[in-house]
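FYI, side chains are in, hydrogens and waters are out, and symmetry mates aren't considered; it's all heavy atoms of this structure.
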Amino acid sequence: QVRLVESGGGLVQPGGSLRLSCAASGDTFSDYAVGWYRRAPGKERVYVGTIGRSSGDTFYSDSVKGRFTISRDNAKNTVYLQMNGLRPEDTAVYYCAAGFIKTWPLTNFDFWGQGTQVTVSS
């Protein structure tokens, strides 16, 4: 079992940056891949990206590739989502999830955080 808590959301202007954190407790965090998803108002949850058990493997959706970066610090049981060049369409609740990799980057995400709101607006 892994408990995940996201933080770092807030209001930012277009073109700005935010770094979200996903702090984990429970089982050995380094055993799990971690993904980020987001849900915009009135829309379904969509995939953002995944980081493998180490920081060496990352995968991103086309909508964020080149703007967002996922990293992890296993010593701190934390995964980060660095978001640069934010756009109004990035406004959403962002969720992190942990699970085991099936075939990279496909992962069974079994544990989810409660989400953190990101609003991009001038």
- Item | Summary of side-chain hydrogen bond (donor to acceptor under 3.5 Å, both in side chains) pairs that have at least one residue in residues 17-29, sequence neighbours excluded |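 Matches after skipping sequence neighbours: Ser17-Asn84, Asp27-Tyr32.
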- Please collect all side-chain hydrogen bond (donor to acceptor under 3.5 Å, both in side chains) contacts where either partner lies in residues 93-112, sequence neighbours excluded, each pair once. Arg38-Tyr94
Partners meeting side-chain hydrogen bond (donor to acceptor under 3.5 Å, both in side chains) with [X] (sequence neighbours left out):
X	result
Ser30	none
Asp31	none
Arg67	Asp90
Thr119	Gln117

- Run the numbers on Ser61 and Val46 for side-chain contact (heavy atoms from CB on, under 4.5 Å), then give the verdict. CA-CA 9 Å; Ser61 67; Val46 298; over 6 Å; no
May I ask you to test the [X]-[Y] pair for a side-chain heavy-atom distance under 4.5 Å?
X	Y	result
Pro88	Pro14	yes
Thr116	Leu20	yes
Phe68	Leu86	yes

Between [X] and [Y], is there shared hydrophobic-cluster membership here, with clusters defined by ILVMFWY side-chain heavy atoms closer than 4.5 Å?
X	Y	result
Leu81	Val12	yes
Tyr47	Val93	yes
Tyr60	Val79	yes

- Message: For residues 72-84, which residue pairs pass the salt bridge (charged side-chain N to carboxylate O under 4.0 Å, His left out) check, not counting sequence neighbours?
- Response: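 Applying salt bridge (charged side-chain N to carboxylate O under 4.0 Å, His left out) to every pair that reaches into residues 72-84, excluding sequence neighbours, yields nothing.
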- Item | Over 12 foreign heavy atoms within 6.0 Å of CZ, Arg3 | no
Return yes if some donor-acceptor pair links the side-chain N/O of [X] with the main-chain N/O of [Y] below 3.5 Å, else return no.
X	Y	value
Gln82	Thr69	no
Glu6	Gln114	yes
Thr91	Val120	yes

- Message: I'd like to check the side-chain contact (heavy atoms from CB on, under 4.5 Å) partners of Ala23; sequence neighbours left out, ordered by chain and number.
- Response: Thr78
- Which residues pass the side-chain contact (heavy atoms from CB on, under 4.5 Å) test with Glu89, sequence neighbours left out?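 Testing Glu89 for side-chain contact (heavy atoms from CB on, under 4.5 Å), a comparison that skips the adjacent residues, returns Arg87.
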- Full working for ring pair (Phe, Tyr, Trp, His ring centres under 6.0 Å) between Phe109 and Tyr37: CA-CA 11 Å; Phe109 290 115; Tyr37 285 74; 5.8 Å; yes
Locate the shortest heavy-atom distance separating [X] from [Y]; write the atom from each residue and the value.
X	Y	answer
Ala33	Thr50	CB-CG2, 4.3 Å
Gly9	Val118	CA-CG2, 4.1 Å
Thr58	Ile70	CG2-O, 3.6 Å

- Quick one: disulfide (SG to SG under 2.5 Å) pairs with a partner in residues 82-122, sequence neighbours left out?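 Listed once each, the pairs are Cys22-Cys96.
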- Which residue pairs satisfy the disulfide (SG to SG under 2.5 Å) criterion with at least one member in residues 28-66, sequence neighbours excluded?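 Found none.
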- Task: Report the residues that fulfil ring-ring contact (aromatic ring centres under 6.0 Å, His included) with Tyr80, sequence neighbours left out, ordered by chain and then residue number.
- Result: none
- Rounded to the nearest 0.5 Å, how far apart are NZ of Lys65 and CZ of Phe59? 6.0 Å
